[in-house]
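Written out below as structure tokens is the structure these notes cover.
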Number of protein chains: 2
Amino acid sequence: MNLATSSTGPVRATMDDVARHSGVSLKSVSRVINGEPHVSATLRAKVEAAIAELKYVPDAAARSLAGSRTFIIGLLLDNPSPNYTMKVQKGVYDAVRAHQYHLRIDNVDSSVPDDEFSAQLEALVRNSRCDGFVLTPPLSDNLLLLDFLDQSGIRYVRIAPALEKSRGSGIVIDDAAAAAAMARHLWDLGHRRYAIMRGPTAHMAAARRRDGFIEELKRLGLEHPVIEIDAGFSFEGGIRAGDSLLASGLRPTAIFAGNDDSAAGVMAACSKAGLKVPDDISVCGFDDSWIARSVWPYLTTVYQPIEEMGHAAASLLLRRDEPESALHRLDFHLVVRDSTAPPPQA
Amino acid sequence: MNLATSSTGPVRATMDDVARHSGVSLKSVSRVINGEPHVSATLRAKVEAAIAELKYVPDAAARSLAGSRTFIIGLLLDNPSPNYTMKVQKGVYDAVRAHQYHLRIDNVDSSVPDDEFSAQLEALVRNSRCDGFVLTPPLSDNLLLLDFLDQSGIRYVRIAPALEKSRGSGIVIDDAAAAAAMARHLWDLGHRRYAIMRGPTAHMAAARRRDGFIEELKRLGLEHPVIEIDAGFSFEGGIRAGDSLLASGLRPTAIFAGNDDSAAGVMAACSKAGLKVPDDISVCGFDDSWIARSVWPYLTTVYQPIEEMGHAAASLLLRRDEPESALHRLDFHLVVRDSTAPPPQA
DNA sequence: CAGAGGAATGTCAGCGTTGTCAAGGATATC
DNA sequence: GATATCCTTGACAACGCTGACATTCCTCTG
């Protein structure tokens, strides 16, 4: 069997068939399909009827050869977290399909030296002709990539950008406000001794979460300093940070981790140390990723609308009437589950 | 800014440029690019030099319009597990890119009524012209889908098929043998009282794991029957099944769960019940997915080469010389971590 | 009511490849 | 040495659609 000639399925109708069938010119069919102005209602109706009857579907290859669009949106991926990535991907997919576009995936590896990275990008853009790219973190803040796309005149939308936010369009949530909300939750439960597990230093959103958390606690009147430890964004990082925190003898009653993975690690460290969550100590995360419901007790966290962010990013790319650059802020909300509770009575 | 005209990047060289540059005909360039026979070494060298110099890249749209290939491989997704999906996707992506193809993602929802599902498929195949599809479970065993693809004459490769294995090509591992290996591991540790958490009933691979596990134990001389409980493939399912098992008063010393997620749930149930893993009870999973290292203690499990399976599937699709139908078996191996240990002294 | 301007529709030449067919040259066969 | 056969190369017409431009038919304006 041969790849090339294997499609022996029913013959697809062409635009010519539609034109003949509805008694109008080829170009008029084209106009209807592309929603161009200056088409009478009568003609449109005729053509649409013919399209429906013949089950006509425009040929993407011919369209992109003749026109200048490819009807493909590229999703640029370089994120280690499968949960996050899949959610973004789902959102982008839905938006793209709703516009009759297709989703193309492209992975890049930004952990290589700059020149190699540039070579990757060049190859990618040369090969993968797309009408636009959705950039996921950490790519959203990769200046080399942004420069390259700008210079090539390729449209893009950034998900959760932190640096140079005026470049391209971006979809964000207010990390600081979200962290502040978590701070209030813990404060209201009665906690007064806190630790925070910082995310990766390169991750700007993580820094904003930290700042928002600490600011809010100060505003609420916290006296003790907040203990800070680097934990990264991984389970291993969380467990390590948790181990060393608990070994140090410091005993916060609540720990805020930079994301759900590290929070899960912290919880593991607590149970290793014989502390029960949430009775002895409260732990909370950020993202409401899938792992938040794959640990026991279920994790209190901040819901980030990741799928919606992907959807919004793709939609932005597909709206031709969009301004050059804009930052769209989406809503988060607190998800209180079982890993936070009032502190133990001293 | 307009999607259509935004690409003001450098002008791409066309095949015509290459032909002129190397002093040969258009068709000869085409022959070189497509690796067709009957091309002299001299001509090939000239053309290749010109291609390199002009940085020529064939235009995919023109190729698929003129020829009958699209240079796109579709990945059909309907799997709830992001870990699994991302791994498959990565493998498929790498294989596809190595052949200068592109990866298109398409989601379908097989949880809807049959007629609605058929409509989805029809729309998908009508719109998404691909040179072939990679099917992931549970789609690999969806007969409606297989019928549809066969009938449309579209090539596909199935990942982990269980039913009607002679249809299309398939990439599998030996689930029964893998489960048997796990059984031997536990037996060698000294366990004699087992429970097994069954996967979803519709999931054939899960059934094979169960059978392989029990068969092997019988072969080894197990006397007590293995306790069986349905847990599905989710964390919640695992925790529920674990709760009811432990509440029942039955006390196996080792629990084999159908996948890592349900194993994590079982571990949570154990710690809720005050049992320490692995000192009081051993727990093991299947897949070596990402969650196996996101629980404490790290999970003993079976490594399935999911990424390689995706890679193999796509490669199969891209080899034109492949027979109609073939089943390719890939290797698994045991990953012994911290969740299994000898049973407590009675 | 002539002329201008705009709305509605049509004609036609590509877009950048590949498939078909033909032609010329080299090699093999009797 | 003539004919048959294969190898190598090229000319040219699609592929299905859109962009530029032409044409017709209104409707408005003064």
(request) Could you name each residue pair satisfying salt bridge (Lys or Arg N to Asp or Glu O under 4.0 Å) that touches residues 74-89 of chain B, not counting sequence neighbours? (result)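 Listed by first then second residue: nothing to list.
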(request) Heavy atoms under 4.0 Å is the rule here; annotate nucleotides 9-17 of chain D 5' to 3' with B where the base is hit, S where only the sugar-phosphate is, and - elsewhere. (result) BBB---BBB
Nearest-Å distance for atom pair [atom1]/[atom2], residues [X] and [N]:
X      : N      : atom1 : atom2 : result
A:N127 : C:dG16 : CG    : P     : 17 Å
B:D17  : C:dG16 : CG    : P     : 9 Å
B:I33  : C:dT17 : CD1   : P     : 7 Å

Partner set under side chain to side chain contact (heavy atoms under 4.5 Å, CB included) for [X], not counting sequence neighbours:
X      : result
A:I173 : A:D175, A:F286, A:Q304, A:P305, A:M309, A:L330, A:F332
A:A60  : none
A:L327 : A:P161, A:K165, A:V172
B:V57  : A:R126, A:N127, B:R12

(request) Any pair with a residue in residues 33-85 of chain B that passes ring-ring contact (aromatic ring centres under 6.0 Å, His included), sequence neighbours left out, goes on the list, sorted by first then second residue, please. (result) B:F71-B:Y101
(message) Angle between the two end axes of the helix from C:dC1-D:dG30 to C:dC30-D:dG1, five base pairs per end, rounded to 10 degrees?
(response)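 Both end axes considered, the difference amounts to 30°.
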(message) Would the distance check show the side chain of A:R104 and the main-chain N or O of B:I72 forming a donor-acceptor pair, the cut-off being under 3.5 Å?
(response) no
Below 3.5 Å is the cut-off: list the nitrogen or oxygen pairs between protein and nucleotides 24-27 of chain D, distance only.
none

(message) Using the side chain to side chain donor-acceptor pair (under 3.5 Å) criterion, which residues pair with B:S111? Sequence neighbours excluded.
(response) B:D109
(request) If a pair satisfies side-chain hydrogen bond (donor to acceptor under 3.5 Å, both in side chains) and one of its residues is in residues 46-55 of chain B, list it, with sequence neighbours excluded. (result) B:H21-B:E53
(request) With sequence neighbours excluded, tell me which residues meet salt bridge (charged side-chain N to carboxylate O under 4.0 Å, His left out) with B:R44. (result) none
